[in-house]
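Okay, structure first, notes after.
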Amino acid sequence: MSVTDEIKARIDIVEYVRRHVPGLKKAGRNHKACCPFHNEKTPSFVVNPERQTWHCFGACSEGGDLFTFAQKVHGWDFKEALRELGAEAGVQLKPQTPEQKTLSDRIDGLRGLVKAAAELFQGRLYSGAGSSALAYMREERGLRDETVSAFQLGCAPQSWDWLLKSLRALGYRDDDIVDVGLAIRNENGRVYDRFRNRLMIPIRDERGRAVGFGGRALGSEEAAKYINSPQSVLFDKSRLLFGLDRGRRAIRDSGTAVVVEGYMDVIQAHQAGFYNVVAQMGTAMTEKQIQLIAPRIARRIVLALDADEAGQSAARRSLDVARRTVARDFAGRMNVDLRVLRLPDGKDPDDFLRRWPGEWDSLVAGAPAIADFVIEMETKNLSPGASVLERQSVAADVLPILLASENNLYRQENLQKLSRRLRIGERELLAWARESLPADEPAKPPMPPDAAPEFWLGEQDAIPPDATGWNGTSAETAPTTGAGGRQSPALEPYCLSLLLKNPNLLYLANRKLRELAGDDEELLRGPLSELGVDDFTRSQYRALMERLLDSMAQDDQEPLDYLASVLDNALQSEIKALLIDSPETVSRTMRRNFQVDLNDILRRRPLRVAPGPGEHEELISRALQLRLIRLENERVEMQYLQEEAQADGDLDPRQRDRLNLRIMLSMRAKARINMAVSRNSLPLKQTSMS
């Protein structure tokens, strides 16, 4: 039994969910409640105790197991969920090495130091000595007391050693105080407070742990209005988004992250009820900051930077970084909707939200796409008599953004706009555009005339991933049988194995799903959306798929090199089993160092591909099998929900209509997949992993 299975065996999902969803009640074979992740009046959140799964059949349209629920409700990643649930279940995870334990203990100690400093600054604010800072926040910034408390705002006095003395009294050493940036040691060895006479704003990581501070000057004599904690083992501003710890759920629920420039912009937005607002903490966003939100929790990023020239230049730089970061498949297409919000009258978000909070939502909703912003920004300084070379230079800067759209009509419209602004013939501009596009994919080899489709998973014999196989084994480990009676490998690990060995295959699978959806936006957003975590059922495979998607959303390393550097101990044996063919080899190699072992596996890459169609055909076929199983399971769950609600007499008409629509969409998607298969366009080769 794996660690995750042992944890799930010890923690019942119904009892765990009930802690966070007190209204969960038994309804037939399931338990139901209003979804904790979105507002609703009629229950559409279902927990199945037999399968130990949950699913929201309302606006969320999400589901999973104990781990996915814990991750979503707490904002954890898989590693955090494993650690926390393992501790609750009393399951021993792999112990740390002495070196790892020493480093972990030191970092925990430094976090405790920063937390203590935040509490000291907050206490100072509410003492008599902090009255002027408190008055500034209330009267000049318009902050309510509950907002000040929620962000744990504080103040530092005009003193060279107030914080030093306070932390020393708590037992902290000068070296540690300097290491986290709260004090400075000069060349003579003297140690003194870094922050003096400032409003203190704790900066937290995505888990809500204080890692540093932003200090806003309270006196006009200060040279710098804001100073931040310096780079340290805890604080790296290029990897932090201010307010993400408080805004993660709102960003996930809305699918939109609004990025502003300053701390006060975020604080003011949250006070006004707009929790999906975060700050970039610099003159332009970094790749690491974007990867914190896109595409894992946000599919839409709105840059709402200051309206002055510096803010607009920062927006342009941020867009360049964002485009490179989110255009991650090898065709250079963007899978995140990037927009720019320009506030009227030169206001910054803080000013605007204090005066007109009721207009914020409509401004965000109407934010123009990056193409419109970039065309205007790059062409506004072109003189009427600009030379062809000057205009061609602008086109070279703008075309990559215009060509990164998945929507052909939108791309064509933007090219026409650019053509008019640059006074360059559209045909010539389109020729430049075609030169920038990637070469077309080679034509598929023709199939022999007698080849019969071997798509082994028909609509009538779909096997739920958690069902029991004919021989008593789970469907995850039981062999599956193809149309010709031959065995094919277990679906989830085999599909994940192909993706791990060649991550670029993911684009081909997603392109096939988009092709099947055609112009039907409902299918594209729903049952024919991109292959992702929800197409896998086991916690280990879901976590690996999430890591794989993360690896393709960064530029620093090749995807597999990235995986080798970030995988935690719990997933080591899983990826080794997926990357090599022989279980015996896995058993032998697990006794060696994981990093060396994995690098050795990656160098050898012993992928076996059956003759005939290439591995891209194999992956597409497997991906569609995964999607059919997912759709069938969701359809069965929705029908159960309808039947039970009708029996109880509590089925709301709107909920009934939503369920009927989802069932119909699911059936349409399955029909399109099966039609593609029946045309013999997706033959399946029965490839053994042994």
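These numbers come from a predicted model, not from an experiment.
Closest of all the heavy-atom pairs between Val266 and Val277 is CG1-O, 3.6 Å. Closest non-hydrogen pair, Val114 versus Ala210, comes out as CG1-O, 3.5 Å. The nearest pair of heavy atoms linking Val21 to Cys34 is CG1-O, 4.0 Å. In this structure, Cys60 and Phe37 approach most closely via the heavy-atom pair SG-CB, 3.7 Å.
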Note to self: Working note: Arg248 + Glu206, criterion salt bridge (charged side-chain N to carboxylate O under 4.0 Å, His left out); need CA distance, chi angles, decisive distance, verdict.
What the structure shows: CA-CA 8 Å; Arg248 175 186 292 270; Glu206 65 272 18; 5.2 Å; no
Next item on the list: Check step by step if side-chain contact (heavy atoms from CB on, under 4.5 Å) holds for Leu240 and Phe235.
Entry: CA-CA 8 Å; Leu240 295 166; Phe235 185 82; 3.7 Å; yes
Check: Stepwise, does the side-chain contact (heavy atoms from CB on, under 4.5 Å) test hold for Arg144 with Gln271?
Finding: CA-CA 8 Å; Arg144 298 190 293 268; Gln271 178 170 276; 3.3 Å; yes
Next item on the list: Start with the C-alpha distance between Leu120 and Leu167, add both sets of side-chain angles, then the distance that settles side-chain contact (heavy atoms from CB on, under 4.5 Å), and finish with yes or no.
Entry: CA-CA 9 Å; Leu120 288 168; Leu167 290 173; 3.7 Å; yes
Next item on the list: Step by step, work out the side-chain contact (heavy atoms from CB on, under 4.5 Å) result for Thr4 and Leu82.
Entry: CA-CA 7 Å; Thr4 54; Leu82 185 69; 3.9 Å; yes
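For the pair Ile251 and Arg300, the minimum side-chain heavy-atom distance is 4.5 Å or more. The shortest distance between side-chain heavy atoms of Val278 and Phe242 does not fall below 4.5 Å. Ser229 has its side chain within reach of Phe195: a pair of non-hydrogen atoms, C-beta onward, lies under 4.5 Å apart. Between Asp348 and Glu261 the shortest side-chain heavy-atom distance does not fall below 4.5 Å. By the 4.5 Å heavy-atom criterion applied to side chains, Ile107 and Leu103 are counted as neighbours. Residues Phe352 and Leu363 are in side-chain contact: their nearest non-hydrogen atoms beyond the backbone lie under 4.5 Å apart. Side-chain contact check for Leu292 versus Leu244: some heavy-atom pair is nearer than 4.5 Å. Between Phe78 and Arg542 the shortest side-chain heavy-atom distance does not fall below 4.5 Å.
No option in Lys347, Arg355, Arg354 other than Arg354 meets the side chain to side chain donor-acceptor pair (under 3.5 Å) test with Asp351. Remark: of the listed residues Asp174, Asp176, Asp175, Asp175 is the sole one forming a salt bridge (Lys or Arg N to Asp or Glu O under 4.0 Å) with Arg185.
Within the model, atoms CZ of Phe45 and CD of Glu62 stand 10.5 Å from one another, a figure rounded to the nearest 0.5 Å. One finds the OG atom of Ser131 at 10.0 Å from the CZ atom of Arg138 (value rounded to the nearest 0.5 Å). In this structure, OG1 on Thr256 lies 12.0 Å from CZ on Arg299, to the nearest 0.5 angstrom. Within the model, atoms CG of Leu182 and CG of Leu113 stand 6.5 Å from one another, a figure rounded to the nearest 0.5 Å. In this structure, the separation between CG on Leu134 and SG on Cys155 is 8.5 Å, given to the nearest 0.5 Å. The distance from atom CG of Asn197 to atom CZ of Arg216, rounded to the nearest 0.5 Å, is 11.0 Å.
The neighbour count for Arg239 CZ, taken as heavy atoms of other residues, nucleotides or ligands under 6.0 Å away, does not exceed 12. Remark: Glu187 CD is loosely packed, at most 12 non-hydrogen atoms of other residues, nucleotides or ligands lying under 6.0 Å away. Annotation: Lys237, atom NZ; neighbour count of heavy atoms from other residues, nucleotides and ligands within 6.0 Å does not exceed 12.
No hydrogens or angles considered: a donor-acceptor pair under 3.5 Å links the side chains of Gln152 and Arg204. Judged by distance alone, the side chains of Gln268 and His270 never bring a donor and an acceptor atom under 3.5 Å apart. Counting only N and O atoms by type, the side chains of Gln122 and Glu119 include no donor and acceptor under 3.5 Å apart. If you check the side chains of Asp350 and Tyr263, you find no donor sitting under 3.5 Å from an acceptor. There is a side-chain donor-acceptor pair under 3.5 Å between Arg141 and Tyr136.
Side-chain atoms of Arg124 do not come within 3.5 Å of backbone N or O of Gly130 as any donor-acceptor pair. At distances below 3.5 Å, at least one donor-acceptor pair connects side-chain atoms of Trp54 with backbone N or O atoms of Asp65. In this structure, the side chain of Glu222 does not engage the main chain of Gly219 through any donor-acceptor pair within 3.5 Å. A donor-acceptor distance shorter than 3.5 angstrom exists from the side chain of Asn186 to the backbone of Arg190, with no hydrogens or angles considered. Remark: the backbone N or O of Glu146 is not paired with any side-chain donor or acceptor of Ser149 at under 3.5 angstrom. Remark: side-chain polar atoms of Asp265 are paired, donor with acceptor, to backbone N or O of Gly262 under 3.5 angstrom. Side-chain atoms of Glu40 come within 3.5 Å of backbone N or O of Ser44 as a donor-acceptor pair. A donor-acceptor distance shorter than 3.5 angstrom exists from the side chain of Arg194 to the backbone of Gly181, with no hydrogens or angles considered. Looking at Thr379, its side chain does come within 3.5 Å of a backbone N or O of Ile375 through a donor-acceptor pair.
Ionic pairing of Asp193 and Arg196 is not present here: no N-O contact between side-chain nitrogen and carboxylate oxygen is shorter than 4.0 angstrom. Note on Asp108 versus Arg106: no salt bridge recorded, every NZ/NE/NH1/NH2 to OD/OE distance being 4.0 Å or above. Between Arg173 and Asp179 there is no salt bridge, since no side-chain nitrogen of the basic residue lies less than 4.0 Å from a carboxylate oxygen of the acidic one.
Taking the six-membered ring where the residue is Trp, His74 and Tyr16 present perpendicular rings, their angle passing 60° and hence far from 30°. The aromatic rings of Phe274 and Trp360 are tilted relative to each other, their planes meeting at an angle between 30° and 60°. Taking the six-membered ring for Trp and thresholds of 30 and 60 degrees, Phe69 and His20 have ring planes inclined between 30 and 60 degrees apart.
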